[in-house]
Amino acid sequence: GRIEATDNKVQAFLALNQEKAPKRAQQIEQEITELEDAEDLPILAGIPAGIKDNICTMGMPTTCGSRILEGYIPPYSATVMKRLHAAGAVPMGKLNMDEFAMGSSTENSAYQITRNPWNLDYVPGGSSGGSAASVAAGQVVFALGSDTGGSIRQPAAYCGVVGLKPTYGLVSRFGLVAYASSLDQIGPLTRNVEDTADVLQAIAGYDEQDSTSADVTVPNYRDALTGDIKGLKIAVAKEYMGEGIDPQVRAVIQKAIDQLAALGAEIEEVSLPHTEYALASYYLIAPAEASSNLARYDGVKYGIRADGAKDLLDMYKKTRSQGFGEEVKRRIMVGTYALSSGYYDAYYLKAQKVRTLIKQDFDKVFEKYDLIVGPTAPTTAFKIGEKTADPLTMYLNDICTIPINLAGLPAISIPCGFVDGLPVGLQLIGKAFAESTILQASYAYE
Ligand code: GLN
């Protein structure tokens with residue numbers, strides 16, 4: 001009912017699981033009444049969920065917001081979908097996104113423009129804009145998104161919800177349509193920290209079908225929600241609080257930091273000196289990996305095929321010209337160029353070296369501190385259409401989130417205030433696999 005009442009305005013859903021969702025809900029209700037011990041209740045029993053449209057859902061369309069996958073229905077489900085099923089969640093449908101997760105506003109979707117529920121003239125952020133907007137509009141209790149360079153955290157910040165990017169390898173990527181494989185991670189968007197802990201509990205853990213999955217013991221995340229952060233050592237990176245951050249956003253973030261201090265955390269300023277090279281490094285590595293990953297859309301195996309081709313090569317060209325949008329083509333060209341012989345060392349290899357330096361910046365700070373805090377994004381949500389003409393200003397929006405993906409670390413965005421009626425997100429970054437510490441501090445703050 002809520003989806004029906006609001007989605008003509010918000011436009012978060014690309015597909016609704018209309019037939020199966022009510023049946024699944026009934027089935028779970030039945031199972032619950034038959035339970036003898038309430039302890040046996042699966043962690044997400046009966047909870048309505050929204051799924052970003054780059055997560056493969058057997059029997060439900062999976063378009064990645066792209067024309068090239070129009071009508072594609074995967075013959076299998078992603079590991080996270082199997083885990084949500086086991087946990088009793090009810091998938092309500094597929095949520096809008098920037099095409100192949102390339103973007104920061106969801107305006108790059110080939111299908112529709114999702115709007116920010118706080119103000120319909122503004123973007124919800126991206127690329128998981130459908131996921132953030134749907135949770136903010138109360139259409140679903142949680143949504144899954146994916147984060148390659150900020151795509152869970154930035155839309156969560158813009159829509160005033162909680163969004164967590166887990167440590168690289170904690171959540172299986174099997175069945176997540178690849179954008180940049182060494183950076184992509186699936187994570188939850190929810191309305192509060194407790195829900196994030198529960199959804200993470202359901203989806204985290206080793207999966208033999210993902211070769212980069214980490215074989216670690218998954219802790220009980222609820223155990224971290226004590227409300228106590230006395231003595232926790234929190235660093236504020238000066239590079240995330242300086243030039244380029246909107247002064248009003250900075251003031252809201254400073255207030256949140258003061259509150260963490262009032263709760264007993266020890267706050268000190270640190271430096272992450274290679275931050276200024278993160279964007280340049282990301283915009284070589286991510287397009288390079290994307291150009292390789294997107295080679296599979298050839299008009300043969302998946303989605304659409306262009307008519308009227310005179311031979312095989314012509315069919316590839318026509319299909320890809322018609323099927324991919326502007327931003328995706330731009331990334332494929334940049335990535336292919338960066339990987340081409342003669343340029344590989346100058347661009348791709350150099351970018352990988354910078355990536356190591358960025359990771360070492362974090363390693364050094366985490367020798368002494370438990371968390372790093374700062375803004376999730378330099379501004380609040382911007383107006384629809386405001387940044388579409390200039391890709392570079394759009395890229396600059398991810399300056400606070402991208403370094404974390406390059407380093408493979410976990411980070412959350414939680415709501416911490418407003419500027420002119422639009423939400424601001426506080427980012428908390430943790431050590432690898434220290435999601436519990438992030439949740440502990442977020443819960444205490446919330
Ligand atoms: N906005 C960034 C990009 O376009 C990040 C996207 C993401 O995290 N998927 O690449």
Side-chain angles (χ1 to χ4, degrees), residues 52-55 64-66 95-110 114 123-132 143-159 163-166 168 171 173 176-189 278-294 324-335 338 351 355 376-379 381-382 386-388 390-413 425 427 429:
K52 187 176 181 179
D53 208 26
N54 58 353
I55 294 172
C64 296
S66 182
L95 294 163
N96 197 23
M97 57 183 283
D98 285 302
E99 185 174 5
F100 286 107
M102 297 171 187
S104 310
S105 67
T106 313
E107 291 165 297
N108 292 339
S109 166
T114 299
V123 302
S127 65
S128 312
S131 301
L144 293 185
S146 69
D147 192 314
T148 304
S151 278
I152 290 175
R153 290 160 287 157
Q154 184 257 27
Y158 282 8
C159 290
L164 175 77
K165 179 205 109 59
Y168 186 78
V171 176
R173 291 184 297 113
L176 169 68
V177 179
Y179 163 16
S181 315
S182 76
L183 302 160
D184 299 342
Q185 222 2 231
I186 295 172
L189 293 101
L279 213 64
S281 153
Y282 175 88
Y283 276 103
L284 285 167
I285 293 169
E289 293 184 17
S291 76
S292 165
N293 278 326
L294 269 54
F324 289 137
E326 289 302 305
E327 185 60 28
V328 174
K329 287 177 186 163
R330 185 177 298 125
R331 306 270 179 123
I332 292 173
M333 284 191 278
V334 169
R355 180 179 190 169
T376 305
T379 63
F382 44 91
E386 193 181 313
K387 296 194 182 186
T388 38
D390 181 5
L392 258 184
T393 55
M394 193 72 96
Y395 296 174
L396 277 169
N397 215 261
D398 301 320
I399 186 70
C400 306
T401 44
I402 273 174
I404 288 86
N405 298 72
L406 290 170
L409 298 171
I412 202 169
S413 179
Q427 181 171 227
I429 309 155

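Along the sequence shown, the residues carry numbers beginning at 1. Both ligands and their constituent atoms are indexed starting at 1 by order of listing.
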Geometric N/O contact Ser104 with ligand 1, under 3.5 angstrom: yes

Out of Asp398, Ile152, Asn108, Asn54, who is nearest to atom 1 (N) of ligand 1 when you count heavy atoms only? Asp398

Under a plain distance cut-off of 3.5 Å, with no hydrogens placed, do Asp98 and Ser109 share a side-chain donor-acceptor pair? no

Under 3.5 Å: N/O of Asp147 near N/O of ligand 1: no

Heavy-atom contact check, 4.0 Å cutoff: does Ser127 meet ligand 1? yes

Could a heavy atom of Tyr395 be found less than 4.0 Å from some atom of ligand 1? no

Please report whether ligand 1 has a polar contact with Ser146, defined as an N or O pair separated by less than 3.5 Å (distance criterion only). no

Distance-only donor-acceptor check, side chains Ser413 and Lys165, under 3.5 Å: no

Determine whether the side chains of Asp147 and Asn405 contain a donor N or O and an acceptor N or O closer than 3.5 Å. yes

Do Asp184 and Ser146 have side-chain atoms, one donor and one acceptor, less than 3.5 Å apart? no

Distance only, no hydrogens: is a donor on one side chain within 3.5 Å (strictly under) of an acceptor on the other, for Tyr395 and Asp390? no

In terms of side-chain heavy atoms, does Thr393 have a donor or acceptor partner in Lys387 at a distance below 3.5 Å? no

With heavy atoms of Met102 as the reference, note each atom of ligand 1 found under 4.0 Å away. 4 (O)

Considering only non-hydrogen protein atoms, determine which one is nearest to atom 6 (C) of ligand 1 and report residue, atom name and distance to 0.1 Å. Ser151 OG, 2.8 Å

Within 4.0 Å of some non-hydrogen atom of Tyr179, the atoms of ligand 1 are 3 (C), 9 (N), 10 (O)

Regarding Thr114 and Asn96, is there a side-chain donor-to-acceptor distance under 3.5 Å anywhere? yes

Between Gln427 and Arg153: side-chain donor-acceptor atoms closer than 3.5 Å: yes

Of the protein's non-hydrogen atoms, which lies at the shortest distance from atom 5 (C) of ligand 1, and what is that distance? Tyr282 OH, 3.3 Å

Side chains of Glu326 and Pro391, heavy atoms from C-beta outward: is any pair under 4.5 Å? no

Hey, which atoms in ligand 1 end up nearer than 4.0 Å to a heavy atom of Ala101? 6 (C), 7 (C), 9 (N)

Do any heavy atoms of Arg331 fall under 4.0 Å from ligand 1? yes

Hey, is Tyr283 touching ligand 1 through its side chain, its backbone, both or neither, going by heavy atoms under 4.0 Å? side chain

